There are 2 protein chains.
Amino acid sequence: MRPTVFDIAAAAGVSLATVDRVLNQRPGVRLVTREKVEAAIRDIGYIRDVAAANLAKGRVYPLVFVLPAGDNSFMHGLHAEVRQAMTRSALERTEIRIVEVPAFDPPALVAALDALRDEDIAGVALVATDAPEVRAAVDRLVDARIPVVTLVSDLTGSARHHYAGVDNIAAGRTAARLLGRFLGGRKGDITVLAGSMLVRDHRERLQGFAALMASEFPQLRLLPVLEGRDDPDIANGLVSDALSRDKDIIGVYSLGAGNRGLIRALKAAGQGHDLTVVVHELTEHTRAALLDGTIDAVLNQDAGHEVRSAIRVLKATADGQGVIAAQERIRLDIFLQDNLP
Amino acid sequence: MRPTVFDIAAAAGVSLATVDRVLNQRPGVRLVTREKVEAAIRDIGYIRDVAAANLAKGRVYPLVFVLPAGDNSFMHGLHAEVRQAMTRSALERTEIRIVEVPAFDPPALVAALDALRDEDIAGVALVATDAPEVRAAVDRLVDARIPVVTLVSDLTGSARHHYAGVDNIAAGRTAARLLGRFLGGRKGDITVLAGSMLVRDHRERLQGFAALMASEFPQLRLLPVLEGRDDPDIANGLVSDALSRDKDIIGVYSLGAGNRGLIRALKAAGQGHDLTVVVHELTEHTRAALLDGTIDAVLNQDAGHEVRSAIRVLKATADGQGVIAAQERIRLDIFLQDNLP
DNA sequence: AAATTTCTGATTTACGTACATCAGAAATCG
DNA sequence: CGATTTCTGATGTACGTAAATCAGAAATTT
């Protein structure tokens with residue numbers, strides 16, 4: 001049988017009440033007694049039964065997800081996954097709330113975060129916009145002993161406890177290698193479509209992409225980045241323009257959202273171009289385009305995994321517990337026509 | 001507040017004891033009363049607090065992992081992950097035991113499975129060898145109301161509750177597409193190294209690979225499959241032979257284990273061949289070969305995920321609960337040099 | 001209608017932990 | 001040394017559920 005608090009009390013020669021005081025870091029225990037109890041805990045290998053403890057405490061985890069408003073498919077999916085998690089709240093003792101903030105708007109994000117500081121909250125997950133004032137606001141939350149995880153996009157140099165998202169530099173490099181290898185030595189131009197260089201994930205993807213392109217595939221020339229603001233119509237216009245202007249384009253890398261517009265432009269360009277295309281985020285649109293051959297590969301981060309991971313990490317952090325690192329690593333999925341889920 | 005058993009009793013106008021009898025499917029409740037209680041449960045939206053129930057029951061989950069003996073890296077890794085899970089037993093209320101059986105040996109596997117039938121066990125996970133007698137043994141376990149999940153390799157037509165592994169046909173197709181695209185239109189021979197055609201995962205990978213090769217890359221010719229029995233030395237011999245015999249080989253697909261030997265053979269062949277190589281399973285050997293360029297892509301299934309998923313599914317099945325399907329889907333990881341974990 | 005058999009209610013104990021209260025012991029202070 | 005102050009022990013209740021017991025009510029059989 002697993003040792004219990006009774007066993008600690010017996011082993012340490014103290015009462016249950018004292019064991020309880022030590023375990024829950026309550027005052028009223030002399031240093032020597034405390035050490036005696038702690039030794040006993042180690043000796044008999046006591047592990048707190050978290051389920052029983054939570055039951056006794058009537059513990060619930062009020063969690064807040066701060067998500068950008070916006071109508072691209074990826075954020076829609078993320079919202080949906082958080083709502084999905086809400087339906088499991090009863091089982092998981094969570095109480096999840098979504099706070100929406102305008103996208104790419106640091107002051108709004110800061111205001112939302114600061115508003116949370118005085119609430120009684122077990123953790124915050126946010127899609128970070130990478131700005132110093134956001135970092136400061138996150139650090140204030142951490143100072144207030146509120147667990148914080150960044151979601152999808154990380155926050156440079158902040159004290160956040162965890163990042164639930166992919167390694168975007170690696171994602172960019174991977175996209176470059178796929179594109180380069182798929183083009184098999186052909187020479188020509190590559191155009192890159194991004195959402196905004198204001199978010200860290202997009203910047204990092206570009207950085208990784210450009211670096212690997214330069215070192216491994218010098219025969220491919222990178223055109224200036226197109227910024228589509230994750231908007232299908234803007235993206236469509238930019239890409240259509242580029243394709244009609246430059247007949248040497250043989251590859252496209254879309255590292256942001258708004259791929260609906262990109263796909264429209266690609267289909268319109270049609271047979272005129274023999275294009276190899278790598279994009280990010282699996283949505284109904286990119287899935288269809290992958291299947292019909294308009295797109296050659298989709299890099300994806302699984303929003304469901306990110307949300308579930310964020311919740312697990314926040315709960316564990318709130319309890320001062322560890323997590324299974326390998327389980328919480330968010331992997332970059334590479335989808336070809338053949339391994340779609 | 002979440003409704004409790006007391007609320008059910010009040011709502012149904014019966015006593016706690018009766019509610020308990022209904023909830024735990026104990027005899028001694030008239031049909032009409034039972035239906036009244038069940039209606040009340042639905043009406044007030046009662047959800048059983050599994051943690052409290054397990055606490056009261058003193059529930060533990062004795063699980064058995066039936067794993068093939070053998071010294072290839074992948075099975076080593078799988079063993080290690082199961083042992084890792086054992087260290088979390090206290091927290092997860094599991095009691096995990098590993099039963100080793102000889103690899104590719106249906107009778108031994110059957111004997112091991114049948115021995116488990118009379119034990120008091122909450123679930124069995126096994127790496128299946130695909131044979132009718134094994135299927136029958138699994139079905140006997142299922143008949144004995146013991147939850148069963150297949151791990152890594154599935155079992156045709158059996159009643160197992162779940163399969164914790166990748167879609168191997170899709171894996172084979174994906175390998176074919178990668179190899180075909182990386183070869184960029186070149187013409188030549190492809191050699192395939194398998195472990196044994198007796199296990200379903202290898203057969204399926206080959207099937208997917210061959211089908212896609214035939215339909216999409218007719219300029220590539222598939223050589224007869226080499227069976228390396230997942231043994232490094234045998235693999236080395238077979239591949240070295242093939243490479244020296246056939247100078248038209250431009251691609252290699254290794255769909256089993258024992259890649260240490262393959263890598264030795266590839267390095268020995270050296271500059272003589274310009275080879276594109278896709279292999280399965282990320283190990284220290286394949287990782288190093290990927291980084292030094294000997295291998296171009298590694299397809300991988302995350303053994304840790306498989307083990308953790310199997311445990312979650314077994315526990316949930318034992319409790320008659322559902323699982324989050326998306327969470328339990330084991331994904332095929334594609335690793336290039338650039339996205340290694 | 002009486003005798004059974006089958007259901008149901010009331011109550012208690014338990015699981016492992018948290019938390020509160022109060023009395024009494026030990027340490028510290030003046 | 002007595003008077004405080006600080007610790008510690010003993011005890012009880014609670015969390016939500018499981019499981020057992022036993023008495024009594026209801027249904028069924030004779």
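What you see is a predicted model; the values in this text were computed from it and never measured. Quick note on labels: first sequence line is chain A, next is B, and so on, each numbered from 1. What's counted below: heavy atoms across the whole structure, side chains too, no hydrogens, waters or symmetry copies.
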By salt bridge (Lys or Arg N to Asp or Glu O under 4.0 Å) - contacts of [X] (at least two apart):
X	result
R48(A)	none
R117(B)	D114(B)
E133(B)	none
R312(A)	E328(A)

Measure [atom1]/[X] against [atom2]/[N] and give the value in whole Å, please.
X	N	atom1	atom2	result
I8(A)	dG9(D)	CD1	P	14 Å
Q25(B)	dA19(D)	CD	P	12 Å
F6(A)	dG12(D)	CZ	P	13 Å

Is the shortest heavy-atom distance from the side chain of [X] to the side chain of [Y] under 4.5 Å?
X	Y	value
L116(A)	R97(A)	yes
S15(A)	T18(A)	yes
L151(B)	F65(B)	yes
K315(A)	Q321(A)	no

Subject >> Residue pairs, two or more places apart or on separate chains, that pass salt bridge (charged side-chain N to carboxylate O under 4.0 Å, His left out) and touch residues 17-27 of chain B >> reply: D20(B)-R26(B)
**OP:** Just grab all the salt bridge (charged side-chain N to carboxylate O under 4.0 Å, His left out) pairs involving residues 49-59 of chain B, residues at least two apart or on different chains.
**Re:** R93(A)-D49(B), R59(B)-D319(B)
**OP:** Walk along DNA chain C from 5' to 3' and tell me the first and last nucleotide with an atom closer than 4.0 Å to a non-hydrogen atom of chain B.
**Re:** dC7(C) to dG16(C)
**OP:** First locate atom OG1 of T4(B), then atom CD1 of I47(B), and finally report the distance between them rounded to the nearest 0.5 Å.
**Re:** 13.0 Å
**OP:** Nearest 0.5 Å please: distance from the CD atom of E119(B) over to the CD1 atom of I146(B).
**Re:** 8.5 Å
Could you tell me which non-hydrogen atom of [X] sits nearest to which non-hydrogen atom of [Y], and how far apart they are?
X	Y	value
R200(B)	D130(B)	CD-OD2, 3.5 Å
Y46(B)	P3(B)	CD1-O, 3.4 Å
A159(A)	V142(A)	O-CG2, 3.8 Å
A128(B)	T150(B)	CB-CG2, 4.2 Å

**OP:** Mind running a 4.0 Å heavy-atom check of residues 34-46 of chain B against DNA chain D and sending the residues that fall below it, in number order?
**Re:** Y46(B)
Original post:
Looking at DNA chain D, which of residues 311-321 of chain A put a heavy atom within less than 4.0 Å of it?
Top reply: none
Original post:
Taking DNA chain C as the partner, which of residues 48-56 of chain B come within under 4.0 angstrom of it by heavy atom?
Top reply: L55(B), A56(B)
Original post:
Which parts of residues 11-22 of chain B get close to DNA chain C, meaning a heavy atom less than 4.0 angstrom away?
Top reply: G13(B), V14(B), S15(B), A17(B), T18(B), R21(B)
Original post:
G58(B) near the nucleic acid: base, sugar-phosphate alone, or nothing, with a heavy-atom cut-off under 4.0 Å?
Top reply: nothing
Subject >> Angle of first-five versus last-five pair axes in the helix from dA1(C)-dT30(D) to dG30(C)-dC1(D), to 10 degrees >> reply: 30°
**OP:** Pick out which of V148(B), V138(B), D139(B) makes a side chain to side chain contact (heavy atoms under 4.5 Å, CB included) with L155(B).
**Re:** V138(B)
Subject >> Closest-nucleotide 5' rank along DNA chain C - winner of R30(A) and N24(A) >> reply: N24(A)
Original post:
So L113(B) and R140(B), side-chain contact (heavy atoms from CB on, under 4.5 Å) or not? Walk me through it.
Top reply: CA-CA 9 Å; L113(B) 294 178; R140(B) 282 193 290 276; over 6 Å; no
